[in-house]
Amino acid sequence: MFSARRRIRERDRAARAAQRGLAGAVVDAAELSDAEAILDIQGLKTTFHSDEGTVHAVDDIDLVVRRGRTTCIVGESGSGKSATARSILQVVDNPGLIEDGRILFRADPEGPVRDLAALRSKGDAIRSVRGREIGIIFQEPMSALSPVHTIGNQISEVLELHSDLGPAQIRERVIDELNNVGIPRPDERIDAFTFQLSGGMRQRAMIAMALIARPALLIADEPTTALDVTTQAQILDLLGELKVELSMTMIFITHDLGVVAEIADDVVVMRHGKVVETGPVDQIFHDPQHDYTKELLASLPQRSAPLGEPEAPEATPAVGDAVPDGGRPGSVDVVEVVSDPRETVRHEHPQARPLLRIRDLRMEFDAVSGTMFGRRRKEKIVAVNGVDLDIAEGETLGLVGESGCGKTTLGRCVMRAYDPTGGELLYDDGSGAVDLAGLSQKQLLPYRRQVRMVFQDPYGSLNPRMTVRQVIGEPLRVAGLARGSELDDRVETMLERVGLRSSMASRYPHAFSGGERQRIGIARALITSPKLVIADEAVSALDVSVRTQILELLADLQDELGLTYLFISHDLSVVERICDRVAVMYYGNLVEEGPAEQLFANPQHGYTRALLSAVPVADPRVRGTRERVVYRPDEGESEESAA
């Protein structure tokens with residue numbers, strides 16, 4: 001009882017201090033650049049000072065967010081998008097500092113205008129704004145959410161700070177909010193920890209936390225970047241519906257221009273901390289003015305037509321004409337399809353001699369479920385379920401599907417990083433077929449040089465304690481193929497082949513950008529002159545323009561060296577652009593396979609149709625015109641979880 005009274009007194013004290021602070025930050029409404037603005041940023045400068053120098057993350061920008069609209073801020077990594085968002089709420093990471101500018105915010109159309117930049121970053125006034133008037137969804141929910149508190153506890157804290165509700169009422173509100181954002185069994189999930197939820201469910205919990213106090217402005221910082229296309233489509237639909245239902249304004253930060261075309265009313269393009277272009281979404285996409293905006297749009301992997309439909313509706317609007325409101329409109333037709341996930345649809349096509357034939361490949365993992373002190377039971381998780389697939393010599397085969405479908409596990413089985421539970425991996429480089437699945441580690445050594453992998457994370461896959469020369473040369477040294485000056489010469493030649501200078505060989509990985517690190521990873525994979533390269537999400541962590549450079553590099557190296565690629569990705573627009581054939585996986589099963597052109601133009605399996613319908617198209621004029629397909633496995637079919 002004493003503790004509860006003390007919390008109430010502390011809350012009342014903080015509320016009085018917040019009111020005094022907010023009153024001191026009020027400015028004349030005439031100082032707004034636009035009478036319809038809910039947020040007006042004027043001359044904002046956010047700087048990071050360190051021993052290595054000063055970084056102007058946000059460099060004297062002006063930005064207006066109009067009430068009731070979705071404003072998308074786009075740009076590549078380091079452009080200042082997230083620093084701008086964090087500056088609004090004064091949650092800039094150390095050693096960041098807001099040095100100049102004003103952040104004028106008007107929560108209510110008839111209410112006072114306050115300069116948030118004038119508030120103390122750790123004061124009660126700005127704390128009263130965070131969560132209550134401005135909500136924020138962070139990019140990575142696993143990092144933003146506490147692993148030692150339940151989802152319910154973390155969401156409840158917002159209401160404890162910003163409402164007078166009692167514990168029972170707060171719990172009821174949280175359950176209702178979890179239900180509103182589409183989390184199943186919310187009365188159970190409220191007591192779950194973050195590690196017990198999938199990526200999509202964690203992101204929905206973040207959305208519930210951001211919206212539970214009904215803020216006037218929602219900032220969504222890359223909320224769908226780490227999600228699969230179908231989960232991304234669900235989150236975008238949810239945000240669009242909640243925006244309309246709650247009469248909310250949204251700032252959406254992303255580097256995915258396809259998402260921008262789906263949801264934006266207005267677009268702000270940033271580069272190197274500055275705003276280089278602003279305008280309505282249709283103008284930005286169809287009549288860009290700045291060279292950088294044109295570069296971003298030119299680097300997009302364009303889809304020729306979504307699901308065989310025309311690229312734009314019949315009546316093409318003129319530049320500047322209205323497009324549907326931001327947020328994916330509820331008028332989109334949703335079609336549910338049902339098919340057997342264990343059946344594989346194969347498109348007829350001529351095929352060259354297979355370099356690798358995968359036959360009835362199966363990979364199972366042992367898992368233990370149950371609580372620490374309760375009954376525990378062993379289970380089998382089937383990650384790859386009897387897959388048959390050929391990879392022809394000299395082709396690029398795309399392997400696609402959502403997280404957990406088994407595509408990475410299949411790639412690691414081919415690499416023999418995993419020992420398959422069953423099946424064959426028949427590798428034939430022209431000297432006769434060899435079953436890699438049946439070889440011992442010693443017998444595999446010659447084939448380790450012929451089958452190589454480019455990893456997803458260019459930051460985590462390179463040893464920070466090794467120089468680039470050591471990183472790239474290690475496969476040659478381990479295999480005994482080169483030493484001394486010969487090894488150095490081959491490393492420097494490979495660096496130049498992937499577009500880097502030979503003089504960079506003595507540097508360490510931290511001295512390179514993400515794109516340069518991925519080039520180093522490609523050089524390491526190719527240094528042994530392999531025949532088959534497995535690229536596991538090799539460009540998913542890169543910005544759009546850098547991604548284009550890496551894809552062009554992979555294509556050039558394939559032509560030059562006669563490489564065969566197994567390209568694993570969840571980005572279907574990239575797969576369509578570079579792959580000769582595509583294989584689609586669903587919960588460990590191969591559901592469809594065929595030439596990329598046929599599969600994208602005429603998908604047969606229900607799951608493939610659902611995947612393609614969820615891919616955002618980078619053209620605001622097709623917003624709301626496409627059919628949304630939702631896949632359901634056959635009634636009675638048991639889905640086997642995949643790793």
Sequence neighbours left out, what passes side-chain hydrogen bond (donor to acceptor under 3.5 Å, both in side chains) with Glu424? Give chain and number order. none

With a 4.5 Å heavy-atom cut-off, do [X] and [Y] have their side chains touching?
| X | Y | result |
| --- | --- | --- |
| Phe600 | Val582 | yes |
| Phe567 | Leu551 | yes |
| Tyr607 | Glu592 | no |
| Leu399 | Lys407 | yes |
| Leu356 | Thr564 | no |
| Leu532 | Leu355 | yes |

Drop me the distance from [X]'s [atom1] to [Y]'s [atom2], to the nearest 0.5 angstrom.
| X | Y | atom1 | atom2 | value |
| --- | --- | --- | --- | --- |
| Arg477 | Leu481 | CZ | CG | 12.0 Å |
| Leu197 | Arg204 | CG | CZ | 11.5 Å |
| Ile568 | Asp536 | CD1 | CG | 4.5 Å |
| Ile472 | Leu462 | CD1 | CG | 9.0 Å |

Measure across [X] and [Y] and return the closest heavy-atom pair with its distance rounded to 0.1 Å.
| X | Y | value |
| --- | --- | --- |
| Met206 | Phe138 | CE-N, 3.3 Å |
| Ile358 | Asp390 | N-OD1, 4.3 Å |
| Asn463 | Arg465 | OD1-N, 2.9 Å |
| Val575 | Ser569 | CG2-CB, 3.8 Å |
| Pro420 | Leu361 | CB-CD1, 3.6 Å |
| Val615 | Val229 | CG2-CG1, 4.5 Å |

Sidechain-backbone polar pair: [X] side chain, [Y] backbone, donor-acceptor under 3.5 Å:
| X | Y | answer |
| --- | --- | --- |
| Arg416 | Leu439 | yes |
| Thr548 | Ser299 | yes |
| Glu393 | Asp429 | no |
| Thr421 | Glu364 | yes |
| Arg448 | Met415 | yes |
| Asp256 | Gly258 | yes |
| Arg359 | Leu426 | no |
| Glu474 | Val471 | no |
| Arg353 | Asp428 | yes |
| Asp580 | Thr396 | yes |

Can you establish whether the number of heavy atoms outside Gln604 located under 6.0 Å from its atom CD is more than 12? yes

Mind checking whether Tyr427 and Tyr447 have parallel, tilted or perpendicular rings, split at 30° and 60°? perpendicular

Could I get the full list of salt bridge (Lys or Arg N to Asp or Glu O under 4.0 Å) partners for Asp291, not counting sequence neighbours?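 Result, salt bridge (Lys or Arg N to Asp or Glu O under 4.0 Å) vs Asp291: none returned.
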
Scan residues 494-507 for pairs that pass side chain to side chain donor-acceptor pair (under 3.5 Å), counting only residues two or more places apart or in two chains. Glu496-Ser502, Arg497-Glu560

Could you pull out every donor-acceptor pair under 3.5 Å between side chains of residues 72-83 and any protein atom, sequence neighbours left out?
residue, atom, partner, partner atom, Å
Glu76, OE1, Tyr292, OH, 3.0
Glu76, OE1, Ser545, OG, 3.4
Glu76, OE2, Ser545, OG, 2.1
Ser77, OG, Asp543, OD1, 3.1
Ser77, OG, Asp543, OD2, 3.3
Ser79, OG, Glu76, O, 2.8
Lys81, NZ, Gly75, O, 2.9
Lys81, NZ, Glu76, O, 3.3
Ser82, OG, Asp221, OD1, 3.0
Ser82, OG, Asp221, OD2, 2.9

Kindly indicate, with the supporting measurements, whether the criterion side-chain contact (heavy atoms from CB on, under 4.5 Å) is fulfilled by Asn385 and Tyr587. CA-CA 8 Å; Asn385 187 21; Tyr587 282 99; over 6 Å; no

Table please: side-chain donor-acceptor pairs of residues 514-531 below 3.5 Å, with sequence neighbours left out.
residue, atom, partner, partner atom, Å
Glu516, OE1, Ser513, N, 3.0
Glu516, OE1, Ser513, OG, 3.4
Arg517, NE, Pro509, O, 3.2
Arg517, NE, Phe512, O, 3.0
Arg517, NH2, Phe512, O, 3.4
Gln518, NE2, Phe455, O, 3.3
Gln518, NE2, Ala538, O, 2.5
Arg519, NH1, Val498, O, 2.7
Arg524, NH1, Ser461, O, 3.0
Arg524, NH2, Ser461, O, 3.1
Thr528, OG1, Arg449, O, 2.9

Any residue meeting ring-ring contact (aromatic ring centres under 6.0 Å, His included) with Tyr418, in chain and number order, not counting sequence neighbours: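 For Tyr418 the ring-ring contact (aromatic ring centres under 6.0 Å, His included) partners, ignoring immediate neighbours, are Phe365.
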
